[in-house]
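Report on the following structure.
For clarity, every value in this text was computed on a predicted model and none was experimentally measured.
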Amino acid sequence: MKKYSIEKSEAEWKEQLSDEQFRVLRQKGTEAPHTGKYNLHFDENGDYRCAACDSKLFEANSKFESGCGWPSFDEAIEGTVEYIKDCTFGMERTEILCANCGSHLGHVFDDGPTQTGQRYCVNSASIEFKK
């Protein structure tokens, strides 16, 4: 099992996070599409951080409207995201985790409309916006 810079027991995470954040970040859940507070949030001044450990993950200017129902980014800040092969639900995808604490963020796909070709599909419950 990989060691992260920030490690806590599941009981400690459960105490720190809301029920929804715990379900998404620690139990690899997914929020319903078009329900997250950051789905249609666009502010170019700031960044998006891990809701569990406050690690900076995405610059605000990398966010775009994908129409998929979850916040979408075309790139992560280098070194902040861990990539894991995910073959659940009969699909092959790439799961993204916070490289600092191992919390589940969402998945990344190779269908983005920008020059990076990437679409980081992230649960609102897994991030916080900071100016």
Kindly compute the distance separating CZ (R26) from CG (L17), expressed to the nearest 0.5 Å.
-> 8.0 Å
Can you hop from I127 to F42 via hydrophobic side chains spaced under 4.5 Å?
-> no
Flag side-chain contact, heavy atom, 4.5 Å: H104 against N123 | yes
Between Y38 and H41, what is the ring plane arrangement, given parallel below 30°, perpendicular above 60°, and tilted in between?
-> perpendicular
Quick check: does any side chain N or O of R49 sit under 3.5 Å from a backbone N or O of D54, one acting as donor and the other as acceptor?
-> yes
SG/C98 to CG/L105 distance, rounded to the nearest 0.5 angstrom?
-> 6.0 Å
Mind checking the CH2-NE2 spacing from W70 to H107? Nearest 0.5 Å is all I need.
-> 10.5 Å
Members sharing I77's hydrophobic cluster (side chains within less than 4.5 Å) | none
Carboxylate-amine/guanidinium contact R93 D86, below 4.0 Å = yes
Looking only at atom types and distance, does a side-chain atom of E31 sit under 3.5 Å from a main-chain N or O of V24, one as donor and one as acceptor?
-> no
Would you find more than 12 non-hydrogen atoms of other residues, nucleotides or ligands less than 6.0 Å from E15 atom CD?
-> no
Donor-acceptor pair, Y83 side chain versus E95 backbone, under 3.5 Å?
-> no
Closest heavy-atom pair, C53 versus N100, reported as atoms and distance to 0.1 Å, is SG-ND2, 3.4 Å
Taking the side chain as C-beta and beyond, is there a heavy-atom pair between L57 and Y48 under 4.5 Å?
-> no
Measure the OG1-CD distance between T94 and E92 for me, rounded to the nearest 0.5 Å.
-> 7.5 Å
Kindly determine whether C121 and C68 satisfy side chain to side chain contact (heavy atoms under 4.5 Å, CB included), including the steps that lead there.
-> CA-CA 8 Å; C121 186; C68 73; 3.9 Å; yes
Of the non-hydrogen atoms in G69 and N39, which two are nearest, and what is the gap between them?
-> C-OD1, 3.2 Å
Look at K63 together with D74 and state whether they make a salt bridge at an N to O cut-off of under 4.0 Å.
-> no
Quick one: does D47's side chain have a donor or acceptor within less than 3.5 Å of a partner on K56's backbone?
-> no
For Q115, look at atom CD and say whether over 12 heavy atoms of other residues, nucleotides or ligands are found less than 6.0 Å away.
-> no
Determine the minimum heavy-atom distance between R119 and F64, stating which atoms define it.
-> CG-CZ, 3.9 Å
Mind checking what makes salt bridge (Lys or Arg N to Asp or Glu O under 4.0 Å) contact with E82, not counting sequence neighbours?
-> K2
F129, V122: one ILVMFWY side-chain cluster at the under-4.5 Å cut-off?
-> yes
Could you state the interatomic distance from OG (S66) to OH (Y120), rounded to the nearest 0.5 Å?
-> 14.5 Å
Between Q16 and A52, is there a donor-acceptor pair closer than 3.5 Å when you use the side chain of the first and the backbone of the second?
-> yes
Test Q21 against K14 for side chain to side chain contact (heavy atoms under 4.5 Å, CB included), laying out the working first.
-> CA-CA 9 Å; Q21 287 174 322; K14 194 163 182 73; over 6 Å; no
Distance (rounded to the nearest 0.5 Å) between E59 CD and F73 CZ | 10.5 Å
Can you establish whether the number of heavy atoms outside E44 located under 6.0 Å from its atom CD is more than 12?
-> no
Any chance you could pull the hydrophobic cluster mates of Y4, using side-chain heavy atoms under 4.5 angstrom and chaining through other members?
-> I84, L97
